[in-house]
Structure formats: structure tokens, C-alpha cells
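Naming: A, B, ... by sequence-line order, numbering from 1 per chain.
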Amino acid sequence: MANSEDEKEEDDTEWKYSFVDSIPLIPAAASDPSLNRTSGPTPAHRVILHFDLDCFYAQVEMIRNPALREVPLGIQQKYIIVTCNYVARDLGVSKLMSVTDAKEKCPQLVLVKGEDLTHYREMSYKLTELLMSYCPLVERLGFDENFVDITKIVERRLAETPESNNFSFKGHVYNHTSAELEAQDHPRLALGSHIAAEIREDIKGKLGLTGCAGIATNKLLAKLVCGTFKPNQQTTLLTENIDDIIGSLSSLRKVPGVGYQTSKRLQALGLASVKDLQLFPLNDLAREFGAPSAQRLKNLALGVDESPVTPTGAPQSLSDEDSFKKISSTKEVLEKTRELLSNLVERMRNDGRQPQTFRLTIRKYSATNKWFNRESRQCPIPNHVGQKIPSESSEDALVLLLPLAMKLFHKMVDSSAAFHLTLLNVCFSNLQTKGAAVSGKGSITSFFTQSTSPGKTQQICSSQIQALPTGFQHTFILYVVCRIPPLRTGVVTAWIIRLAHTA
DNA sequence: TGGGTTTCT
DNA sequence: AGAAACC
């Protein structure tokens, strides 16, 4: 409990209440056991959902401008189409196609620039928050995918309405044409398919977004099965069909968790298919990748994935970057960095937390191995600088951060010699939840309007009043639990309040 | 080939 | 600080 001395009783009759002290904000997860970061030991029969929105960026743009729904639409970042709507796909456009190729295939293609992720990010968090209203175990994967562990919901519904295993599956069941009979044998997954359908309808109704869902017993399988029927459909994977879906993968690269590098290393060991990996001796694999990675890889090949759905919560870092053909002068670096930092500080201000670490990343041009030579330097943010960021004038923070950025830049680039950059990135991390800013004249409402993100509504989830032990007459603690988007799932704040008689 | 983000080493 | 993974 915070200090509540400071007992000056002089003007008791002049006010109705006053704030004696405030207790710093505590993330609700720390005080609410049901919001723990992981689901604990994984139950034997989990029900995991994986949601994957259809061409997410394109959907967001079509909501912003419904006229785009009927035309072939591509979302452009620099020289590539990062995603496109289904009208465009039917005309031969595909993801990550170059703008020239896409225009060649489809001259009528309408392009919308998608380099500014603001609207996508906002919609992305709305989705995650909607999912969290069903259950707190939601894990984000990029902007448009989410895992949800609905085991608890399923178990509860099963206990409440035991007759509910009468119904069949909603949507597709992998490798089954008629699912009627299987529902009895897989009550949890059957119920899961109904919950997935409900949630998808809710997403459509509340956010106007469509997407796919996969229902299975772990994250790996839920993600794999999610993509089997593609736009706006859902698929359940029964345990007896795990080998089928794993076996259907055309290469090891298709296994989530096996990226480009790992697939190359596996190939070097003579492994091409999932079956190859399944049969490869674990010891030999461990010599190449180390025991933990080897076991993980082997499990993935078998469809085994015990990893829990880990609630993502608020982001751990905020970054802003831009790529370009060429930046070769310090002045240009300064200007571009100022631009990036300005946006980032604004986003950080909106978040409300205080970053403790700043990082600058660059990409130097090189003819060979052009993609993926990034270098970075980071440094602590001096406390007085960090404090400026969430405050009203973020301009102050900028002028202090910019020299910091340039100092980091000079650690990587000798600006007396010629240089050629193709990317700049600024990043805030080590984000610290600040204390409740209860200004002296503050009322409860001024806290909620002042101390949180402007333009973002804050929900008070609950509040509770607690009397102090004897000796602190007329003094109480008021606890308020609230939500600060995005994904600050709940914050406990507390005031010590002293009441006085209104004579 | 973009603009993010997280986790592991 | 970088590598690698995911989108």
C-alpha cells in the first residue's frame, strides 16, 4: 500500500473528497490469475482455433472505400503487390507479385498504397480484442492471424449442456464429406467448430471482416487445417486425420516453424519431405541443430506441438521503417530519421507507455546478398527524455531523440566516406507502464480523459472500494480496473481517498 | 520483394 | 546485435 501519512486535517470541511495518493498502474495479469501469460500445463485434449483473415489489407481498404469491392484491387508497398482482393486473384494477380507483372497480367488493376500500416494495425487489434472478449488466451501471429485456446469454453459448454454432442460439425471436416457420424466421437472438436462459426459471424457483424478458421488439437494443426478451404470457410481436423494433413505437405518448407534457412539445412541432410524428417534419426538431427531444436523439428514433422497459446498482450516494441533506392548523405539520413521518429513518437504517445530503449537499424547497399544485411545499434533512453514522450508536447522528445539516433548512426557508418543506405528503421522497446498520473486538481474523470490515449474510449471494467484499518477514518482505497486498447487487457489503478463531512 | 513483429542464440 | 521465424 502506498504511503497515506501526510495527514493534514486543517481544511476538512472545504472539500468532499481528495486524492491522498495513487498507486502505480499494475498490469491486470499480475493480479488476476485467470489472465496469466500462459495456459499452464497443456491439457490432454485441447481445442485450438486458428483464425486467418482473407487478404487482410485489401479487406480494410474495401471497408474504407466500398467502391473498391467490385474492382480488382491490389495493395502496393513500393514495387510489389503485398496482397490483393479475390477479384484481382481471379484475374491472375497473386500475393508478393511485382507491380509490373501484376499490371501486365491485369491492366485494370486498381492500386492502393499500403506502406502506412496505421489502419491495418488498428483493425488488427480490434480483431484481437474481439477474440479476447471470448477468452483471454489469444495469441497474435502477424496482423491477420490469431490463435485462441477455447478448451475452457468447450469444457464449460459440454458440462452445461451434455446433450449438445447431438449436433454435427459446422463447416468442413478435413478429409470427410459427411461429418454427421463423427460428431459423437469428437464432441470437443465438434463444439469447437460451432464456437469458431459463432466467432466468425461475430467478426463479420462487428468488424465487417471475413476469414478462415482452423479447429484442431494444437496450434500447428489448427494453422495447417485453417488454410484447406480458402476464402471465408472453416475446417476441423480430427485426430485420426493428422497423418493425412501432415503427409499432404509438399515440402518441409510448408511446415510452420521450418523457414528458408532450416529447410536448406534439412535439405543438405538429404531430407526433402515431411516423411523423410519423421524417419530421420533424432541423434543425427541433434548433431546438426542441437537437441532442443532437433526434438522440436521432429515433433513438427509428426504433427506434435505442445506449445501453449501464449497471450500476446500489448506489443513489446514499436517500430517504424522505410526502404528506398538510395540515401547517401547525412542530411538525408537526418531528414528521414526525423520523419520516422516523428511518427513513432506519436504512436508511442498514443500507447501511453514509456520506452526505455531506442534502436536504429540500417541496411547498407550491397550488390551481392542484397536482401538481409541489416545492422543495428541500440541505447538506453535517458529518463528525462523518455518522460517527454507520453507528455503533451512530443516535439520536445523528438529534438532529444534525433541526436541520439544520429549518434547510433555514426557507430555504424563512417560518414566521411561514401555510403549507400536502402533502409532506415527506428524502434522503441523495453516499454514501461507508467504510474497513474493523478494531477493535483484531478478528479477521477480527468484521469481517464487526460492520462490515456486521446480519442480512444476507455472501458471501466470494475471498481471496488475498500476501507482502511482503524486509525484511518474516512479514508478508503478505490480500485478501478479498466481497459486501454490495444490489448492492455486490464489495468488496476487505485486511489486512496479521504472523505469529509459536508457540513 | 514490404513493413512490421517475436523469439532464440 | 544478429539470425531466423511468422505474417
* Asked: If every non-hydrogen atom of A:V87 is compared with every non-hydrogen atom of A:R69, which pair is closest and at what distance?
  ->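 Looking at all heavy atoms of both residues, the closest pair is CG2-O, 3.7 Å.
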
What is the distance, to the nearest angstrom, from the [atom1] atom on [X] to the [atom2] atom on [N]?
X	N	atom1	atom2	value
A:I81	B:dG2	CD1	P	12 Å
A:Q77	B:dG3	CD	P	5 Å
A:R140	B:dT6	CZ	P	9 Å
A:N343	B:dG4	CG	P	9 Å
A:L117	B:dT5	CG	P	8 Å
A:Y120	B:dG4	OH	C1'	13 Å
A:E122	B:dG3	CD	C1'	16 Å
A:H119	B:dG3	NE2	P	17 Å

Between [X] and [N], does any side-chain N or O lie under 4.0 Å from OP1 or OP2?
X	N	answer
A:S323	B:dG3	yes
A:T312	B:dT6	no
A:Q316	B:dT7	yes

Applying salt bridge (charged side-chain N to carboxylate O under 4.0 Å, His left out), can you list everything that pairs with [X], at least two apart in sequence or on another chain?
X	value
A:D414	none
A:R353	A:D351
A:K170	none

* To do: Return yes when atom CD of A:Q387 has more than 12 non-hydrogen atoms of other residues, nucleotides or ligands closer than 6.0 Å, and no otherwise.
  =>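 Atom CD in A:Q387 is crowded, with more than 12 foreign heavy atoms closer than 6.0 Å.
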
* How would nucleotides 2-7 of chain C be written as a contact map, 5' to 3', with B for base contact, S for sugar-phosphate-only contact and - for no contact, using protein heavy atoms under 4.0 Å? -> S-SSSS

For a quick check of understanding: with a heavy-atom distance under 4.0 Å over all strands, which category does [X] fall into, base, sugar-phosphate or nothing?
X	answer
A:E115	sugar-phosphate
A:N425	nothing
A:D116	nothing

* Quick one: on DNA chain B, does A:S293 or A:F324 contact a more 5' nucleotide (nearest heavy atom)? ->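 With A:S293 and A:F324 compared, the 5'-side residue is A:F324.
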
* A:L252 pairs by side chain to side chain contact (heavy atoms under 4.5 Å, CB included) with which of A:T262, A:D276, A:V274? ->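 Passing option: A:V274.
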
* Applying ring pair (Phe, Tyr, Trp, His ring centres under 6.0 Å), run through A:F419 and A:F409 and close with a yes or a no. => CA-CA 12 Å; A:F419 62 89; A:F409 170 70; 5.7 Å; yes

* Counting only N and O atoms by type, is there a donor-acceptor contact under 3.5 Å from the side chain of A:D54 to the main-chain atoms of A:P231? ->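 Not a single qualifying donor-acceptor pair exists.
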
* Would you say the ring centroid of A:Y120 lies under 6.0 angstrom from that of A:Y125? ->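 No, the ring of A:Y120 stays outside the 6.0 Å limit from the ring of A:Y125, centre to centre.
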
* Structure fact -> Pairs under 3.5 Å (Watson-Crick or G-U), crossing ones as [ ], inter-strand ones as |: DNA chain C comes out as |||||||

* To do: Could you work out which one of B:dG4, B:dT5, B:dG3 sits closest to the side chain of A:S317?
  =>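 When the side chain of A:S317 is considered, B:dT5 is the closest of B:dG4, B:dT5, B:dG3.
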
Give the table of side-chain donor-acceptor pairs shorter than 3.5 Å for residues 376-383 of chain A, with sequence neighbours excluded, one pair per line with atom names and distance.
none

